[in-house]
Structures are given as structure tokens and as C-alpha cells.
Amino acid sequence: MHYPTPKPTPVVELKNIYKFHYTSTVETTALGDMSLTVAPGEFLAIMGPSGSGKSTLLNVIGMIDAPTRGSYYFQGKDVLSLSRRARSELRKLNMGFIFQSFNLIDQLTARENIELPLVYLKVPVKERNRRVDAALAELEMTHRADHYPRQLSGGQQQRIAIARAIIANPTLILADEPTGNLDSSNSKAVMEKLRYFHQKGATIIMVTHAKEDAAYAEKTIELFDGTLLIKEKDYLAS
């Protein structure tokens with residue numbers, strides 16, 4: 001007797017998520033009735049005009065911000081039932097972040113910036129050194145290990161940021177406009193690196209304005225005024 005293979009637990013599952021911003025006189029809907037599922041190993045691109053809710057959605061998924069209402073499950077765990085501290089631990093253990101502005105610490109070398117997540121996780125020094133050396137080699141940045149961010153080009157800084165994001169082997173990589181401050185040549189190099197890590201099994205959710213970057217993803221969704229407008233659209237064909 002053959003039994004159907006059970007579906008893997010989604011990495012991210014959002015159900016009827018709303019996010020409101022309030023002032024003394026106005027209520028603004030940043031996300032409205034958002035439902036989204038991201039499977040293990042998926043590469044998802046999120047597109048949409050400025051103000052459409054892309055970064056808000058990424059912040060909710062990244063547990064940086066909490067929705068006003070709705071349900072969020074991360075690997076089957078009810079995120080919104082957790083304390084703020086427990087969410088922080090869940091994020092630290094499972095997520096890597098890549099930002100448009102790199103967010104490297106100027107006072108730390110490239111090596112030290114990459115190593116930082118492992119320090120927070122209290123990984124032993126010998127293992128930290130091994131992992132950092134491997135990440136520098138994968139990103140072709142070994143020769144820049146002892147340079148400070150101000151001594152690196154934008155493309156090199158983003159490679160260091162990618163290395164920092166993947167150094168702890170996260171379940172999920174969240175990339176917010178990862179090529180937004182780069183020229184076309186460096187943009188392509190960064191996207192090729194993201195594709196490489198996706199092919200190795202990483203789950204990636206990326207916010208982008210660039211159709212060329214979205215083409216690297218398996219699936220693309222578009223947001224407009226905080227709602228899901230288009231799902232799984234082939235942007236190169238449009």
C-alpha cells in the first residue's frame with residue numbers, strides 16, 4: 001500500500017495579515033488581508049511601487065515588526081504567540097538579512113563583520129574562524145578580509161553582507177533591495193551569488209524594483225497598496 005508523501009512544512013505561512021499605522025487622526029493600511037506561503041528552498045521575489053507595502057511585509061516576515069492582526073507561522077511555529085524575546089531568538093537562529101545599504105559596522109573589518117552573528121550565537125572561536133574563512137572563499141573576498149567597509153567598493157561590501165547573512169546557515173535569507181546601490185555589473189555578480197546559495201538549498205525572499213533581479217527568482221508576487229496584486233508573474237515576458 002502506497003501512502004502519499006507528506007508536504008514539507010512551509011518556512012513561512014501568513015494568513016490574513018493586516019498591518020495598520022496610526023496617527024492622531026489617520027489610520028493607514030500598510031498590509032491588507034495578506035496571505036502567503038513560502039516553501040523550503042523557494043526563491044521568492046516581491047515587487048511593487050514605492051509605498052506598496054514591500055518592506056513592511058519583509059519586516060513582518062523577519063519578525064522585526066508585528067502585524068496588527070492575522071496569523072504567522074514560521075516552520076509550523078505560531079510566531080505571534082511568542083514573547084518578543086522568543087521571537088528575537090527565533091530570528092537570530094533562523095534568519096539572515098541583506099540590506100540595500102549593506103549595514104556593515106564601519107569599525108569592524110570584513111572578517112569581523114561576517115563573524116558577528118557567530119559571536120552572538122556563542123560559536124567557539126575555532127569553528128568561527130573555519131566558517132568565516134569558508135564564507136570569504138565562497139564570496140571571493142579572502143584578499144579583502146582585513147579591510148574596513150570604507151576601503152571596499154559597493155559590490156565588495158554587499159558580498160561581505162551576503163557572507164554575514166549566510167554564515168550561520170540560516171533557514172531563511174531576507175534580502176531588501178540587495179542591488180539597489182550597485183551598478184549593473186556588481187548587481188549581476190550579487191544576484192549570481194544569491195542564485196548560487198539558492199541552488200545549494202537556501203530559501204530566499206527578496207524585495208526588488210528590478211525586473212532583471214526578479215528573473216532570478218522561481219516565483220514573483222506584486223504588491224499594490226498593501227494587497228497582493230499579481231502572483232507568479234513572469235516579468236521578463238511582460
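All heavy atoms count here, side chains included; hydrogens, waters and symmetry mates do not.
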### Query
With the 4.5 Å side-chain cut-off for hydrophobic clustering, are Tyr120 and Ile166 part of the same group?
no
### Task
Group every Ile, Leu, Val, Met, Phe, Trp and Tyr by side-chain heavy-atom contacts under 4.5 Å, then state whether Phe99 and Ile114 land in the same group.
no
### Task
Tell me, with the steps shown, if Ser50 and His209 meet side-chain contact (heavy atoms from CB on, under 4.5 Å).
CA-CA 9 Å; Ser50 297; His209 280 99; 3.8 Å; yes
## Note on the structure
The complete set of salt bridge (charged side-chain N to carboxylate O under 4.0 Å, His left out) pairs with one or both residues in residues 54-64, sequence neighbours excluded, reads none
### Query
Below 4.5 Å, heavy atoms only, C-beta onward: do Leu104 and Arg164 meet side chain to side chain?
yes
### Query
How long is the span from the NZ atom in Lys200 to the CZ atom in Phe197, to the nearest 0.5 Å?
6.0 Å
### Point-to-point distance, once rounded to the nearest 0.5 Å, from OG1 of Thr203 to CD of Glu42
8.0 Å
### Query
With distance as the sole test, does Arg87 use its side chain to make a donor-acceptor pair with the main-chain N or O of Met63 at under 3.5 Å?
no
### Query
How would you list, by chain and number, every residue that makes a salt bridge (Lys or Arg N to Asp or Glu O under 4.0 Å) with Asp133, sequence neighbours excluded?
Arg111
### Summary
In terms of heavy-atom contacts, Met95 and Pro170 come closest through C-CB, 3.7 Å
### Message
Nearest 0.5 Å, please: how far is CG in Asn94 from OG1 in Thr171?
### Response
4.0 Å
### Query
With a 4.0 Å cut-off, would you call Arg131 and Glu127 a salt bridge?
yes
### Task
Treating Ile, Leu, Val, Met, Phe, Trp and Tyr as nodes and any side-chain heavy-atom pair under 4.5 angstrom as an edge, say whether Leu58 and Val12 lie in one connected cluster.
yes
### Query
Which value, rounded to the nearest 0.5 Å, describes the distance between Leu36 atom CG and Leu14 atom CG?
5.5 Å
### Message
side-chain contact (heavy atoms from CB on, under 4.5 Å), that's the test. Do Val60 and Met34 meet it? Break it down for me.
### Response
CA-CA 11 Å; Val60 167; Met34 175 68 61; over 6 Å; no
### Message
Tyr216 vs Ile204, test: side-chain contact (heavy atoms from CB on, under 4.5 Å). Steps then yes/no.
### Response
CA-CA 11 Å; Tyr216 283 83; Ile204 302 174; over 6 Å; no
### Message
Using 0.5 Å steps for rounding, measure from the CG atom of Asn129 to the CG atom of Leu118.
### Response
9.5 Å
### Query
Does any N or O in the side chain of Asn181 come within less than 3.5 Å of the main-chain N or O of Gln100, such that one atom is a donor and the other an acceptor?
yes
### Query
Side-chain contact, heavy-atom cut-off 4.5 Å: Met206 with His198?
no
### Query
Is any side-chain heavy atom of Leu82 less than 4.5 Å from a side-chain heavy atom of Tyr72?
no
### Atom of Gln107, atom of Tyr148 and distance for their closest heavy-atom approach
O-CE2, 3.4 Å
### Message
Keeping His147 on the side-chain end and Thr109 on the backbone end, is there a donor-acceptor pair under 3.5 Å?
### Response
no
#### Entry: Shortest non-hydrogen contact between Leu228 and Ser35, atoms and distance
CD2-O, 4.1 Å
### Task
Say whether Ile17 and Leu172 are linked into one hydrophobic cluster, either directly or through other cluster members, by side-chain heavy-atom distances under 4.5 angstrom.
yes
### Message
Quick check against the 3.5 Å criterion: does Lys15 have a side-chain atom that pairs as donor or acceptor with the backbone of Gly70?
### Response
no
### Message
Working to the nearest 0.5 angstrom, can you tell me the gap between Phe102 CZ and Ile160 CD1?
### Response
11.5 Å
### Message
Is the shortest side-chain heavy-atom distance between Phe74 and Val11 below 4.5 Å?
### Response
yes
### Query
Which atoms form the tightest heavy-atom contact between Ile98 and Ala165, and what is the distance?
CG1-CB, 3.6 Å
### Query
Do the side chains of Tyr22 and Thr68 get nearer than 4.5 Å, heavy atoms only?
yes
#### Entry: For the student: nearest non-hydrogen atoms of Ala217 and Leu44, plus distance
CB-C, 4.2 Å
### Task
Could you pull out the closest heavy-atom pair between Phe97 and Ile64, with the gap in Å?
CE2-CD1, 3.8 Å
### Message
Just so I know, are the side chains of Glu115 and Ile167 near enough to count as touching, which here means a heavy-atom distance under 4.5 Å?
### Response
no
### Task
Measure up the Tyr18 and Phe20 rings against each other and bin them: parallel (under 30°), tilted (30 to 60°), perpendicular (over 60°).
tilted
### Query
Do Asp225 and Thr227 have a side chain donor and acceptor closer than 3.5 Å?
no
### Task
Is it possible for you to say whether Val207 and Met191 belong to one hydrophobic cluster, with membership spreading through side-chain heavy-atom contacts below 4.5 Å?
no
### Message
Quick check: do Pro67 and Leu31 have side-chain heavy atoms less than 4.5 Å from each other?
### Response
no
### Task
Kindly indicate whether the side chain of Leu57, heavy atoms from C-beta on, has any atom under 4.5 Å from the side chain of Ile205.
no
### Task
Determine, stepwise, if the pair Met47 / Lys211 fulfils side-chain contact (heavy atoms from CB on, under 4.5 Å).
CA-CA 9 Å; Met47 299 193 76; Lys211 293 180 180 180; 4.2 Å; yes
